[in-house]
Visitor: 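Below you will find the structure I want to go over with you.
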Amino acid sequence: MSTSLDPTIPLQKTADITKHLRSRDVPLAALLPFASTILDKTAGKENEKNIYFPQKEDWLLEWLVQRLGQDDSSAPEARCDPEFWIFLLRLLPLSSSAGGILKKHNILQLISKALSEAALSQKRDLTSPTVLGRDEDIDMEHEEIYSTPKERLSSDSSASSPEQILLLRRTPSRLQGLLASVSGVLSYIQENLGAGRRDGNIVAVLRGTAEIGAQILGSFLEACHVLIQEGIEIENEWINTVVNVWRSCVWGNPQLKKLSMIFSTSCLLPATHLLMTPSIPSNLRRKLEQLLAEFIFPHEILFPTDLGTTELSSKDLKPLLRPLKAQKDGLSNIFRIAITSHTKRRKPDSTTVEVIFESITSAILGILFPIKTINTRDAEIVMSLLEVLIETGTSISSNTIAELVDGISNLSHSNTSSAVRWDIIAIALKLDFDIFLGKGNEERALKLFSSLTNNFTDQETVYEVMKLLIDGFIKARDLGGFVNIWIAELRKDGARDGVWESDRVAKLFSLRMEASLLPGQIENVLKTAIQENSWVVIDGLLRGVKREDTHNKIRPLLNKITDKILDGEVGWRGWRALVRGLQIESGLAGGKQGKILKRLRKYDERGTNDDARRALFIGEVLMDSADGEGQAEVICVFIKAMKSTTRSWDRSLGDINPENLGVAIVLGVVGRWMTVLERARSDIRTGFVDEFLSMAIENDTAQKASDLTGRTLWQSMLVRGVSYENPSLKDAILAALVTKLESRFEISQDMNVSLGDIEKGRGVSMTEKDVECYIFLIQSISNFPLEAIKRTVRERILDVLVLLDSSLKKEGSSVLLRDAVKGLVARLWALGNASSFLARDVNGFIAWSLEEGGLGEAGRKILRCMFATKDQERSRQFLAKLVQSAEIEFLRNSEKPTIRAVKACEIIIEEFWRAGERNDVQQLRGKILEQLRNFLETGEINGHLVGAWRKIWALDRSPSDKEEVLGFAQNIIERIKGTLPKILTASEHLGEDGVGDAAHIVAEAVMILCASSNTTEEVIKTTALVVAILDSPFARFYRSEIILAYSEMVSISLDPEVYLDCMEVVIEGCFSLGETTAPAYWEILKVLINGAKIPEEEDKSKIIIDCLSKVFSKLARNLPKTKTVTEFLAVTDCMDIILREKTWAVMQYNIDETLASIAITSSSSGPQFTPVIVIADEIFLRLCNTLRLILSQHRRRVRGGRYHLVVAALQSLLHCIFKRKTARERKKSDKILHPPWLLPSTITSEMPIITDRCADGFNRLLATFCEPSAYSVRGKTRAGVDDNLVNSVRDREKREVASCVGGLLGEILKGDLAGGLDGDIKASINAIFEVLGTEGVKAFARTLDKEGRAMLRELRDEYNRVGGGASEKF
């Protein structure tokens, strides 16, 4: 819509403007830009001579409120548009009659309409297409002129129609804007239009009817629910503002019942929805709980005053709860709030709680007692209400709980099709145990016990019910009564494999038994259980016996138990009871070993599930009671059972069957009977271990993640190391592993024959299962301490691994398996195995080394072992023959060298060189260098070959060769220069053919250049190439090697003048190039600084010192000018290196510049980094560290009148940890002390984070300043260090510090007055007090005003309390 002004139009009247704004022909949304333009213009300015509109702010405010409150077609959309409320907020401070206008046009009614329409529209999910906003037509911020009403009317034809504007989509983000703008209006009214009132936020403008207040609050809560579901945060200011509006509307109204009904009608349902939302803000939850307690569950509602009496009643509460009838979810939250609201006064009695409970269940759920029928959803809600009673420690009457149980639980005497609701029974038992076992409730108890027997399902709640039953009997001091019921239920037909026979129930009982029954009572109960053959009860009783007096009491009964078991046919629980009995009386099975063993064999042969469990516990009985021969017989039976193991075991006794019995057996053996295996005959021990290993290989799949398998038990045994304490067992395990490892290969005396068989393909091909098996075997061997394995066994393992590795190379099998083989070979060779195949046969070693992907690291370890034993004739012959064989192998392909042959020769030469036997390989080295160079200069270039040439040449660099080597490297670069641009610029080219290897070639060539460059021109060219590579995409592959090569060039080869020229180029690149190029230059600069050394010649040393001093000066001057955090960190890194390690290059002017730069960087004139930093700790700590280095390494340069520079830097750093204020909190008169990098930028309004680390860093810095170290002030005499002189200088330094540190203490006091500090700097204050002393503190106190002295006295008193001193007066 055009807003240009035609100068020829005569002066416009105010009436024309107001008439245009009042026009109903133009949609209200289209008038807002025009009204905003009118507000922004002032008569008398240039280009605005055609307007005169006195008191336009009052008129615009009244027009806006009046139009928004009307019911024309465009008003609803405008009311829901945040832009109108933002405009209203702009008008309020400008209007002189805002209060009267808002009250006249009932601003509350307008807000109520806006919020209710927005919430309703969001519910309906109007998703019509969005119309382009009017901001595209009018730029209210930058438009210089406005259009007259006539011009505006003529251009309205191009505007969006009212129908289109009404279709604006109401998205959650738009709703968020509406809440923010409306709350902003309300907040302004509360803060500025109600000043001077005693009733807080109760403002006359916002005093409306309770209905209006409730509508506003209810609509606001509905809108909050929508935003929270969309993940949008609700501001605390919105919540407080709207709640204050409601309180303004009800303030002074004594009719609480009426207010409660109004609140219930509009606010109860949205409040309930919000309380159900997990992500509700804590402040909003707290406000809602307060409102519900105040207006739904107040004391006056529960205790109404009718006819002068006050009695507990639900007649007023039920109508208040009816709005929740359509929405039953979330009632537990309402019930909890009701209870806790009365708990604040005193714990409510059960009558009060029951009235609330009955009101909720009847008014909302429609439940009437006695309950006849109840649907599943209502039953769930009732149980949630009962759980609230448990949480809050309150209760309702026993009759009500009993009726709920009868109506919901489906308890019955017989087996029924209806599922029993065990959850309601568990809740009822927690609330009131007597509803089942109290007097008059016998029938309900019988139904409960019958249901446990007949309707058992393996649910957690069933076991929870049993636990609560046992605990209830214990509280009633009648645990024996529970045992009688237990035994009686076991007699019933439906009890088999039910809850009464459950092992979990027996364990629950046993844990509580001895604490609840006397020894005599336990004896009587045990007698009854023995008579009834209730083995699960016997098992539970024996499991729970721990005390000696109980042992003595029941010991005579144990023989009866044993006789019953051996004379009859009992289930597995009987045998487990015998195991329990043996733990009490070890001689129970004496002389009965043969009879028990016969039973074991019988049950193992029959093979039913129950027999498998019997066999497990009979075996345990024999292992605990039999002699060595009997135990051996048991192990033989165990081995037989292990052969049929095919399944995993879920660790429960009910899951044991013949298919997983072996897993349970092995668990017992590994856990308890390893010493039995150690003492057993070798054939039995070997048989068990072999079967165990076979089971571990085959039984490796668990049905559930928590299941036990043979493999998990094997790995657990090795990891725990339980076998290492038993030598015979350890040897058996190793022998089994090695035997299984070599089962694929026919190993002859001559390993070459075995290797030849593999090469000819005579072996069996390896399947995926075989690969997995070998990985498992290698991992098992790796778990052993290899040093404890005998050398012959180690060498046997190594030979098998060589065969396995050759087989894998032949078949091209799993990479994981080959890596496992290599890892174990490397570990074994670290111990030395001079008799293994690779240490005996040179040809085999060479062939093995030349295989693709050969074991380079393992080969090195083999050679090192041979050098360690070179005094032996066999080792010397091996090494001599190795050099000859390597030379023959290389010369065989010298015209076109292979990578494998060159790498093998490289390893051999390097290891000989390392062992001091360089003469033996000097000839081989010369031939390889010559042949490789000839090939690389004329033939195909390969990065691996260039790298091998470089490493072999670098072993013995000759200065006379450097020029020739330099030409060689330049020749390589020249030959691949066509590919060089791709390598250095685009990362996507690295995947192209030839480019990846070309990158390797370039990297190797550059490292050769670094080793051979001498002149300025050569060094600068090499430096430029190194920088280009470090900035390239492939730099991550070779970065460390290239930097190391460049570092060696700097420290070994460079002449001082060449160093100076190179440094000038690099430092210029650091500060003159772009952000993307500079990092590589900074890396090179660090290398140059680190590599600087003082030459012995005086003229050369002066060059180096002057060069580094100038570099440091440039770094210090540019510190406050850095633009990025990366650049800042790089500058401080370089400065710290010079300050710490190149102290001889630091001059006085360097220190002065650094102190000034630190002060500027940490002041308001400091840099603003881009991108904006989030955590500022690193910046601050770097500045502190640099200043600490000056004080600790160069303190002598800040003496004699330069301490003011140190104090200025310290003050600037101290200001950084002052509490910062947001733009809203800051006054115009406030002086900005913080640097820009600690304040919000124009890009983001978020304040950079500063943590306690900064305060700690400042404390360390101030301690260094106030307490000079001996190193920083040490003086020397001819005899060495003079301690007296050191102490004297330190005392003098402290006196100088004391004379200037008072100003720093004053800044700390100012920071406390201004709002405090970010972090604890008590250590700094104590350091200042320590150096000032009592008199110094008193002298400083005299410079302060009264308030400052009070603060100083408080700090000083705390310092004295910590140090044990007396209080002082200032």
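Index from 1, following the sequence.
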Visitor: With side chains defined as the heavy atoms from C-beta onward, is the minimum distance between K927 and Q923 less than 4.5 Å?
Guide: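 Counting from C-beta outward, K927 and Q923 do come under 4.5 Å.
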Visitor: Would you mind reporting whether I1043 and V1087 have side-chain heavy atoms less than 4.5 Å apart?
Guide: yes
Visitor: Atom NZ of residue position K1093 - does it have more than 12 heavy atoms of other residues, nucleotides or ligands inside 6.0 Å?
Guide: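 It does not: K1093 NZ has 12 such atoms or fewer within range.
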Visitor: For residues 1008-1028, pull every pair meeting ring pair (Phe, Tyr, Trp, His ring centres under 6.0 Å), keeping only residues two or more places apart or in separate chains.
Guide: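 Listed once each, the pairs would be none.
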Visitor: Hey, what do you get for OG (S1109) to OH (Y1149), rounding to the nearest 0.5 Å?
Guide: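 Those atoms lie 2.5 Å apart.
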Visitor: Between V883 and F912, does the side-chain contact (heavy atoms from CB on, under 4.5 Å) criterion hold? Intermediate values first, please.
Guide: CA-CA 10 Å; V883 176; F912 270 81; 3.5 Å; yes
Visitor: For the aromatic rings, using the six-membered ring if either is Trp, is the centroid distance between F1071 and Y1081 under 6.0 Å?
Guide: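 No, the ring of F1071 stays outside the 6.0 Å limit from the ring of Y1081, centre to centre.
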Visitor: For the side chain of Y1059 and the backbone of L1088, is there at least one donor-acceptor N/O pair under 3.5 Å apart?
Guide: yes
Visitor: If you count the non-hydrogen atoms of other residues, nucleotides and ligands that lie under 6.0 Å from CD in Q1148, is the total more than 12?
Guide: yes
Visitor: Taking the side chain as every heavy atom from C-beta outward, state whether R860 and E910 have any atom pair closer than 4.5 Å.
Guide: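 Side-chain contact under 4.5 Å: yes.
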Visitor: Could you tell me whether E873 and R876 have a side-chain N and a carboxylate O separated by less than 4.0 Å?
Guide: yes
Visitor: When rounded to the nearest 0.5 angstrom, what distance separates CG in L1044 from CZ in R1039?
Guide: 14.0 Å
Visitor: Would you mind reporting whether Y774 and V821 have side-chain heavy atoms less than 4.5 Å apart?
Guide: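 When only atoms from C-beta onward are counted, Y774 and V821 do not touch, as no gap falls below 4.5 Å.
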Visitor: Side-chain atoms of residues 948-956: list all donor-acceptor pairs with protein atoms under 3.5 Å, sequence neighbours left out, distances to 0.1 Å.
Guide:
from, atom 1, to, atom 2, distance (Å)
W949, NE1, L929, O, 3.1
R950, NE, E1004, OE1, 2.6
R950, NH2, E1004, OE1, 3.2

Visitor: Should K1110 and E1064 count as an ion pair when the cut-off is N to O under 4.0 Å?
Guide: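 Answer for the salt bridge query: no.
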Visitor: Should R1117 and S1113 be marked as a side-chain hydrogen bond (donor to acceptor under 3.5 Å, both in side chains) after you check the CA-CA gap, both sets of side-chain angles, and the distance that decides it?
Guide: CA-CA 6 Å; R1117 290 197 304 272; S1113 178; 2.5 Å; yes
Visitor: Enter the distance from T1161:OG1 to F1128:CZ here, rounded to the nearest 0.5 Å.
Guide: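 Separation between the atoms: 6.0 Å.
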Visitor: Do you see a donor-acceptor pair shorter than 3.5 Å between the side chains of T1186 and T1132?
Guide: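 There is no such pair between these side chains.
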Visitor: With a sphere of 6.0 Å drawn around NZ of K1114, does it hold more than 12 non-hydrogen atoms of other residues, nucleotides or ligands?
Guide: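 Yes - once you tally the heavy atoms of other residues, nucleotides and ligands closer than 6.0 Å, there are more than 12.
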Visitor: Side chains of I1084 and L1030: does their closest heavy-atom pair fall under 4.5 Å?
Guide: yes
Visitor: Find the distance between NZ (K1102) and CD (E1098) and round it off to the nearest 0.5 Å.
Guide: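 Those atoms lie 9.5 Å apart.
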Visitor: Do K1123 and E1127 sit within salt-bridge range, that is, some charged N less than 4.0 Å from a carboxylate O?
Guide: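 So K1123 does not pair with E1127 through a salt bridge.
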Visitor: What distance separates K1142 NZ from I1089 CD1, expressed to the nearest 0.5 Å?
Guide: 9.0 Å
Visitor: I'd like to know if the side chain of N1090 pairs up with that of S1047 as donor and acceptor (distance under 3.5 Å, no hydrogens or angles considered).
Guide: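 No, no side-chain donor-acceptor contact under 3.5 Å.
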Visitor: Taking the side chain as every heavy atom from C-beta outward, state whether D1133 and R1182 have any pair of such atoms under 4.5 Å apart.
Guide: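 A side-chain contact exists here, since the closest heavy-atom pair is under 4.5 Å.
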Visitor: With side chain to side chain contact (heavy atoms under 4.5 Å, CB included) as the test, pick out the partner of S1013 among V965, V1058, I1008, V1019.
Guide: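 For S1013, the side chain to side chain contact (heavy atoms under 4.5 Å, CB included) check succeeds only for V1019.
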Visitor: Could you check if a side-chain atom of I1020 sits within less than 4.5 angstrom of a side-chain atom of T1016, using non-hydrogen atoms only?
Guide: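 Touching, per the 4.5 Å side-chain cut-off.
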Visitor: To the nearest 0.5 Å, how far apart are CG in L879 and NZ in K870?
Guide: 8.5 Å
Visitor: Heavy-atom distance under 4.5 Å between the side chains of T1154 and I1190, does that happen here?
Guide: yes
Visitor: Are the charged groups of E1017 and K1021 less than 4.0 angstrom apart, N to O?
Guide: yes
Visitor: For E930, is there any backbone N or O sitting under 3.5 Å from a side-chain donor or acceptor partner on N934?
Guide: yes
